[in-house]
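Each remark here refers to the structure printed beneath this line.
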Amino acid sequence: MSHPTLDEQITAATNYQDLLVPALMEEWAARVADAARIGRGNRVLDVACGTGVLARAAASRVGPDGAVTGLDLDPGKLAVAARLSPGVRWQQGTADALPFSDQSFEAVVSQFGLMFFPDPAAALREMMRVLVPGGTLAVAVWASLADTPAYAAQVELVDRLAGAAAADALRSPFALGDRARLADLCSAAAIREAHIEFRQGRGYFPSIRVMMEADLRGWLPSIGGVLDEELIEDIIRRAEVGLKPFVTFDGAGVAFASPALLLAAVR
């Protein structure tokens with residue numbers, strides 16, 4: 001898989017924002033912000049902010065006396081985030097070496113990013129480091145693929161038609177969906193009394209085609225996995241049969257269980 005250019009990253013990030021964020025991410029922003037107890041005047045860091053859905057939710061809570069910083073490695077997603085919310089501070093950086101001083105934030109949040117970090121335990125240690133004493137960490141990761149049957153069916157189809165590399169990229173969001181594994185990461189990061197809760201969510205796309213395009217034209221290209229158009233169309237045609245059980249009763253869209261694990265801890 002080739003490394004995408006900046007223009008390609010911005011295009012992929014725009015697709016991600018338009019297709020994936022409303023379908024899967026928006027409902028979780030308020031839940032993570034609640035778990036982090038974000039309030040007026042807080043300084044908040046959103047790690048792996050993507051195109052900024054959680055950072056925007058935080059900004060609406062901290063008011064004019066607070067400040068929100070969104071940090072991400074992907075310049076394309078940061079460009080889209082800055083276009084949508086110029087009032088938030090957007091910064092490029094890595095989660096395992098946060099470019100901030102100790103005790104810089106009252107709340108640190110991260111929504112659906114931890115599973116992509118090369119060293120998630122180091123990232124959790126860093127998030128705790130930049131919290132003030134009494135500050136709150138809140139992190140969401142997708143539950144397992146077994147708990148998300150619509151995506152399990154999608155991954156099986158992509159594996160069969162496009163190969164293991166593309167399928168593994170689609171499996172990667174679910175890599176930390178095991179409560180015991182997440183608890184082990186907390187222990188490795190010296191996080192005591194971490195609270196991990198399974199929370200049910202709901203994914204919704206207006207059609208099977210849109211659901212598949214969100215991943216094949218939005219998610220995969222954002223990590224360098226570009227499939228040719230003929231293959232994408234073949235996968236979508238087959239998905240319109242294979243994912244039919246998830247079409248709503250009235251045929252108006254695709255709805256499915258989309259659960260997550262929500263981790264909360266206090267420094």
Side-chain angles (χ1 to χ4, degrees), residues 13 16-17 20-22 24-114 116-117 120 122-141 186 189-197 199 201 260-267:
Y16 173 92
Q17 171 61 35
L20 279 172
V21 170
L24 298 173
M25 316 290 184
E26 283 181 348
E27 70 169 322
W28 294 99
R31 297 182 183 189
V32 177
D34 286 345
R37 304 175 190 170
I38 295 171
R40 293 186 66 82
N42 283 173
R43 296 165 296 167
V44 181
L45 173 64
D46 180 8
V47 179
C49 62
T51 53
V53 63
L54 177 52
R56 287 189 288 277
S60 72
R61 298 184 181 212
V62 302
D65 296 327
V68 177
T69 299
L71 179 119
D72 203 278
L73 190 59
D74 185 336
K77 287 190 173 71
L78 290 172
V80 172
R83 185 185 74 217
L84 293 172
S85 300
V88 173
R89 178 188 177 193
W90 306 103
Q91 184 167 340
Q92 189 172 16
T94 61
D96 57 1
L98 295 175
F100 307 106
S101 301
D102 295 356
Q103 302 182 21
S104 293
F105 302 96
E106 280 77 36
V108 175
V109 293
S110 186
Q111 179 170 296
F112 308 125
L114 185 68
F116 304 118
F117 302 158
L124 289 171
R125 282 193 295 271
E126 280 288 276
M127 293 182 212
M128 294 297 281
R129 176 184 66 79
V130 300
L131 275 172
V132 300
T136 304
L137 171 71
V139 177
V141 299
C186 290
I191 297 175
R192 298 176 181 176
E193 299 182 11
H195 178 72
I196 299 171
E197 182 181 0
R199 300 282 295 274
L261 298 179
L262 187 54
L263 158 68
V266 176
R267 176 171 178 180

I need the minimum non-hydrogen distance between [X] and [Y], along with the two atoms involved.
{"X": "P133", "Y": "Q103", "result": "CD-OE1, 3.5 Å"}
{"X": "G70", "Y": "C49", "result": "C-SG, 3.5 Å"}
{"X": "V62", "Y": "A67", "result": "CG2-N, 3.9 Å"}
{"X": "A107", "Y": "A36", "result": "CB-O, 4.0 Å"}
{"X": "V80", "Y": "A13", "result": "CG2-CB, 3.8 Å"}
{"X": "A35", "Y": "A264", "result": "O-CB, 4.4 Å"}

Taking atom [atom1] of [X] and atom [atom2] of [Y], what is their separation to the nearest 0.5 Å?
{"X": "M128", "Y": "R267", "atom1": "CE", "atom2": "CZ", "value": "7.0 Å"}
{"X": "N42", "Y": "R37", "atom1": "CG", "atom2": "CZ", "value": "11.5 Å"}
{"X": "R40", "Y": "D65", "atom1": "CZ", "atom2": "CG", "value": "6.5 Å"}
{"X": "D46", "Y": "D72", "atom1": "CG", "atom2": "CG", "value": "8.5 Å"}
{"X": "E26", "Y": "L54", "atom1": "CD", "atom2": "CG", "value": "12.0 Å"}

Is S110 reaching over with its side chain to a backbone N or O of V47, donor-acceptor style, under 3.5 angstrom?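 It does hold such a pair.
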Tell me if a side-chain donor or acceptor on Q111 pairs with a main-chain N or O of M25 at a distance below 3.5 Å.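 Side chain of Q111 to backbone of M25, a donor-acceptor pair under 3.5 Å: yes, one is there.
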Taking side-chain contact (heavy atoms from CB on, under 4.5 Å) as the test, write out the residues that go with [X], two or more places apart.
{"X": "A59", "value": "V68, V88"}
{"X": "R56", "value": "Q17, V53, L84, S85"}
{"X": "R199", "value": "W28, R31, E197, L262"}
{"X": "R61", "value": "A30, A33, D34, I38"}

Using distance only, find each side-chain donor-acceptor pair of residues 93-102 under 3.5 Å and give its atom names and separation, not counting sequence neighbours.
unit_1, atom_1, unit_2, atom_2, d
T94, OG1, D96, OD1, 3.3
D102, OD1, R129, NH1, 2.7

Determine whether [X] and [Y] make a side-chain contact, defined as any pair of heavy atoms from C-beta on separated by less than 4.5 Å.
{"X": "F105", "Y": "V132", "result": "no"}
{"X": "L131", "Y": "L137", "result": "yes"}
{"X": "Q92", "Y": "L78", "result": "yes"}
{"X": "L124", "Y": "I191", "result": "yes"}

Where do V130 and L45 land on the side chain to side chain contact (heavy atoms under 4.5 Å, CB included) test, with the steps shown first? CA-CA 9 Å; V130 300; L45 173 64; 4.1 Å; yes
I'd like to check the side chain to side chain donor-acceptor pair (under 3.5 Å) partners of Q91; sequence neighbours left out, ordered by chain and number.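 Q91 satisfies side chain to side chain donor-acceptor pair (under 3.5 Å) with R89 once adjacent residues are dropped.
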Decide side chain to side chain contact (heavy atoms under 4.5 Å, CB included) for V139 and M127; before the verdict, give the C-alpha distance in whole Å, the side-chain angles of both, and the deciding distance to 0.1 Å. CA-CA 10 Å; V139 177; M127 293 182 212; 4.2 Å; yes
Could you give all pairs that pass the ring-ring contact (aromatic ring centres under 6.0 Å, His included) test and reach residues 46-73, with sequence neighbours left out?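 Qualifying pairs, neighbours excluded: none.
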